[in-house]
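Reminder, nothing fancy here: chain letters follow the sequence lines and each chain counts from 1. Side-chain atoms are counted along with the backbone in the values below, which use heavy atoms only and exclude waters and symmetry mates.
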Amino acid sequence: MPELPEVETIKRDLEKVILNKKVIDITIYKSKVIKEPSLPKFKQLLKGATCIQVLRRGKLLILSFRREDGHRYYLTIHLRMTGQLVFGKKDLNSRLNLRLSDGSFLSYNDQRLLGELRLVKDWQGLDFVRHMGPEPLNKGFTLTEFKKRLDRKKAKIKSLLLDQSFIAGIGNIYAAETLFLSGINPKKAAHRLTNIETSRLFGNIKKVLRQAIIHRGTSFSNYRDGRGKKGSYLQRLFVYGRRGESCFKCGSKIKRISISGRGTYFCPRCQK
DNA sequence: CGGGGCTCCTGTGCGC
DNA sequence: TGCGCACAGGAGCCCC
């Protein structure tokens with residue numbers, strides 16, 4: 001479900017409302033979502049801890065907690081396809097509820113139960129994080145570096161954009177949109193991209209992600225922000241989910257093919 | 001190295 | 001109406 005813009009929106013929403021609040025009580029309805037540590041340990045470590053920071057790396061959301069004994073723990077949340085993290089009232093559909101010191105609740109919802117929560121001392125040491133590629137909106141993500149890494153890859157460009165170890169935070173929607181805006185066929189081998197295509201793609205990745213953050217993300221089905229509301233970038237999609245409909249630029253029919261097992265939408269005329 | 005298929009889950013929408 | 005199938009913002013694994 002959520003890609004970088006959606007997770008960033010949730011991060012910004014939450015840091016306005018949960019900082020300096022203490023976890024009073026934890027109710028777990030589906031223990032499956034907690035990957036580590038064990039249930040009792042998870043509750044014991046989190047209870048009484050104060051949230052002091054909200055972070056994001058790629059699609060991973062990280063809540064930093066300080067315990068009364070001074071120890072720092074990080075609650076990492078990967079929402080996968082249908083995870084939601086909503087602040088407010090108690091949510092009866094949730095998989096986990098945190099009751100906070102002001103009487104409010106932070107609810108983790110997840111229809112498909114594919115999400116993963118961890119409470120760890122070192123979130124940067126998690127394998128998934130250690131192998132993660134650059135943050136596309138950081139200064140360190142440069143065209144030179146991007147091109148150099150693309151040139152080494154023979155994989156289809158669409159597969160590569162979805163590969164979190166190549167670049168962090170892009171998912172199925174924004175991969176489709178950035179390729180459309182750059183006029184690149186999703187099946188094209190990465191190392192065959194021309195200099196022009198590479199620089200267009202580089203620019204569009206930044207542009208699309210920034211715009212999507214401004215519009216608070218894309219709610220195609222399940223995604224909700226930190227307040228439980230939908231994002232509005234859906235209205236700005238050019239190709240994702242538009243199979244059989246007309247291309248907004250040339251009028252051709254949008255096609256859907258499968259790449260890396262994921263639905264891939266593109267305009268056969270605009271993306272050669 | 002790259003890619004296809006399958007898995008973890010629940011839910012929705014479609015064609016017959 | 002009911003059933004079966006395809007598909008869904010993700011990602012790890014095995015196998016070729």
Using atom [atom1] of [X] as one end and atom [atom2] of [N] as the other, report the distance to the nearest whole Å.
X	N	atom1	atom2	value
Ile259(A)	dA8(C)	CD1	P	13 Å
Lys158(A)	dG4(B)	NZ	P	12 Å
Asp163(A)	dC1(B)	CG	P	11 Å
Phe220(A)	dC7(C)	CZ	C1'	11 Å
Lys35(A)	dC8(B)	NZ	P	12 Å
Asp110(A)	dC9(B)	CG	P	12 Å
Ile173(A)	dA8(C)	CD1	P	11 Å
Arg224(A)	dA8(C)	CZ	P	18 Å

For dC9(B), which nucleotide in any strand shown is its Watson-Crick or wobble partner with both distances under 3.5 Å? none

Are Phe141(A) and Phe202(A) close enough that their ring centers fall under 6.0 Å? yes

Measure from the ring center of His78(A) to the ring center of Phe128(A) and say whether it is less than 6.0 Å.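 Yes: the rings meet the under 6.0 Å criterion.
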
Please determine, for the side chain of [X], which listed nucleotide ([options]) has the closest atom?
X	options	result
Lys156(A)	dG3(B), dC9(B), dC7(C)	dG3(B)
Lys154(A)	dG2(B), dG11(B), dA8(C)	dG2(B)
Leu114(A)	dA8(C), dG2(B), dC8(B)	dC8(B)
Leu113(A)	dT10(B), dG2(B), dG3(B)	dT10(B)
Gln111(A)	dG11(B), dC7(C), dC8(B)	dG11(B)

Which is it for Arg57(A) and Met132(A) under the side chain to side chain contact (heavy atoms under 4.5 Å, CB included) test, yes or no, and what are the steps along the way? CA-CA 9 Å; Arg57(A) 174 79 169 99; Met132(A) 218 180 270; 3.5 Å; yes

With a 4.0 Å cut-off, would you call Arg56(A) and Glu15(A) a salt bridge?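 A salt bridge is absent here (no side-chain N lies under 4.0 Å from a carboxylate O).
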
Contact string for nucleotides 11-16 of chain C, one letter per nucleotide 5' to 3', B = base within protein heavy-atom range under 4.0 Å, S = sugar-phosphate only, - = neither, reads SS----

Find out whether the Lys NZ or Arg CZ of Arg149(A) is both under 6.0 angstrom from the six-membered ring centre of Phe166(A) and within 45° of the ring's axis.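 Because its charged atom sits under 6.0 Å from the ring centre and within 45° of the axis, Arg149(A) does stack over Phe166(A).
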
Tell me what Ser258(A) touches on the nucleic acid: a base, only sugar-phosphate, or nothing, going by heavy atoms under 4.0 Å. nothing

NA contact type, Tyr265(A), heavy-atom cut-off 4.0 Å: base, sugar-phosphate, or nothing?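 Since only primed, P, OP1 and OP2 atoms lie under 4.0 Å of Tyr265(A), the category is sugar-phosphate.
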
In whole Å, measure the gap between the [atom1] atoms of [N] and [M] for me.
N	M	atom1	result
dC9(B)	dG2(C)	C1'	23 Å
dC3(C)	dC8(B)	P	24 Å
dG11(B)	dA11(C)	P	22 Å

Parallel under 30°, tilted from 30 to 60°, perpendicular over 60°: which one fits the rings of Tyr233(A) and Tyr174(A)?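 Answer is tilted, since the angle falls between 30° and 60°.
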
May I ask you to decide if Leu113(A)'s main-chain N or O and Lys32(A)'s side chain share a donor-acceptor pair within less than 3.5 Å?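 Present.
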
Side-chain donor/acceptor of Glu6(A) to backbone N/O of Glu3(A), under 3.5 Å: yes

Return no unless some side-chain N or O of Arg243(A) is found under 4.0 Å from OP1 or OP2 of dC14(B). no

